[in-house]
Amino acid sequence: MNTLVVFYSLEGNTKIIADILAEELDSDCIELKPDKEIPKGGLTKFFWGGKSVLFHEKPKLVNDLPDLSNYDTIFIGTPIWASSFSPPIASFLEQVTIKDKQLAFFACHAGGGADKCFDKLAAALKDNTVIGTISFADPSKEEKEKVKSQVKRWLHEIT
Ligand SMILES: Cc1cc2nc3c(=O)[nH]c(=O)nc-3n(C[C@H](O)[C@H](O)[C@H](O)COP(=O)(O)O)c2cc1C
């Protein structure tokens, strides 16, 4: 199984999960970076990030994206923004063609859950098979080992 982990993280929560996945799967991993990042911390991030989701913005990514034909399985990770996936993920989905792959989605939120986001991702990627989804409430606030064992348990279930 040739696997890619691709994710965006503004404040590090989604990155915690992506790093564990990439290590456990021994996979390639890409952290999507928009050329202009919204401000971290404070409340302005909710304004700029929320506006970005609402207006379906697709920020320019600084990443060189790989040839996805090399991968059978792709893990896609995002923070939940306004109940949806974050704009850099929308940019990624616009730039690549993902078809006939096994997909797994992971997301971090602040308590609102990730179901709507997973539904939207599944709809946007309907020519694929979703093998699993998992979400975490701000894992940076949790004990690292606890988060790691949750991720490992999930991987055991879906792979
Ligand atoms: C613009 C913006 C919108 C957000 N909207 C939601 C939301 O709708 N529901 C929720 O539970 N958390 C929401 N959050 C909180 C983040 O999803 C959460 O803190 C997540 O763990 C952040 O991941 P990151 O550290 O990888 O960026 C929002 C955060 C931002 C910046």
Side-chain angles (χ1 to χ4, degrees), residues 3-25 27-66 71 73-96 98 103-125 130-155 157-158:
T3 303
L4 173 69
V5 175
V6 58
F7 73 102
Y8 168 72
S9 182
L10 177 67
E11 294 185 295
N13 287 280
T14 314
K15 181 170 167 51
I16 290 174
I17 309 303
D19 288 346
I20 297 170
L21 285 169
E23 190 187 333
E24 292 299 320
L25 293 161
S27 70
D28 293 342
C29 185
I30 301 172
E31 179 169 9
L32 299 174
K33 290 278 181 195
D35 65 345
K36 279 189 210 132
E37 193 66 275
I38 67 163
K40 294 184 194 187
L43 290 177
T44 51
K45 67 183 178 194
F46 294 110
F47 173 77
W48 290 110
K51 178 184 97 49
S52 188
V53 173
L54 231 61
F55 287 94
H56 303 287
E57 287 176 6
K58 297 185 182 73
K60 188 169 164 19
L61 300 175
V62 300
N63 309 79
D64 286 328
L65 298 175
Y71 300 100
T73 306
I74 304 176
F75 285 68
I76 299 176
T78 181
I80 301 299
W81 282 14
S83 304
S84 190
F85 49 85
S86 53
I89 297 293
S91 307
F92 171 71
L93 296 182
E94 190 181 58
Q95 283 185 38
V96 296
I98 302 181
L103 301 179
F105 304 141
F106 60 103
C108 294
H109 57 83
D115 290 352
K116 275 191 193 162
C117 167
F118 292 150
D119 287 348
K120 286 180 187 176
L121 281 174
L125 291 159
V130 179
I131 57 170
T133 64
I134 193 168
S135 67
F136 296 83
D138 290 337
S140 59
K141 295 180 183 159
E142 300 289 331
E143 201 194 316
K144 178 96 199 264
E145 282 312 307
K146 193 181 140 202
V147 175
K148 196 170 179 173
S149 49
Q150 266 178 281
V151 174
K152 283 167 86 166
R153 225 174 16 248
W154 178 58
L155 281 179
E157 279 167 26
I158 66 168

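First listed ligand is number 1; within each ligand, the first listed atom is number 1. Quick caveat, the model's predicted, so the values are computed rather than measured.
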Would you say that N63 contacts F92 through its side chain, given a criterion of any heavy-atom pair below 4.5 Å between the two side chains? no

Any side-chain heavy atom of E31 within less than 4.5 Å of one from F7? yes

Salt bridge (charged side-chain N to carboxylate O under 4.0 Å, His left out) filter on K60, not counting sequence neighbours, yields none

Residues with a heavy atom under 4.0 Å from ligand 1, by chain and number, are S9, L10, E11, G12, N13, T14, K45, F46, G49, G50, P79, I80, W81, A82, S83, C108, H109, A110, G111, G112, D138

For K120, give me all partners under salt bridge (charged side-chain N to carboxylate O under 4.0 Å, His left out), at least two apart in sequence or on another chain. none

Salt bridge (charged side-chain N to carboxylate O under 4.0 Å, His left out) against E24, all qualifying residues, sequence neighbours excluded: none

Would you mind reporting whether F75 and I158 have side-chain heavy atoms less than 4.5 Å apart? yes

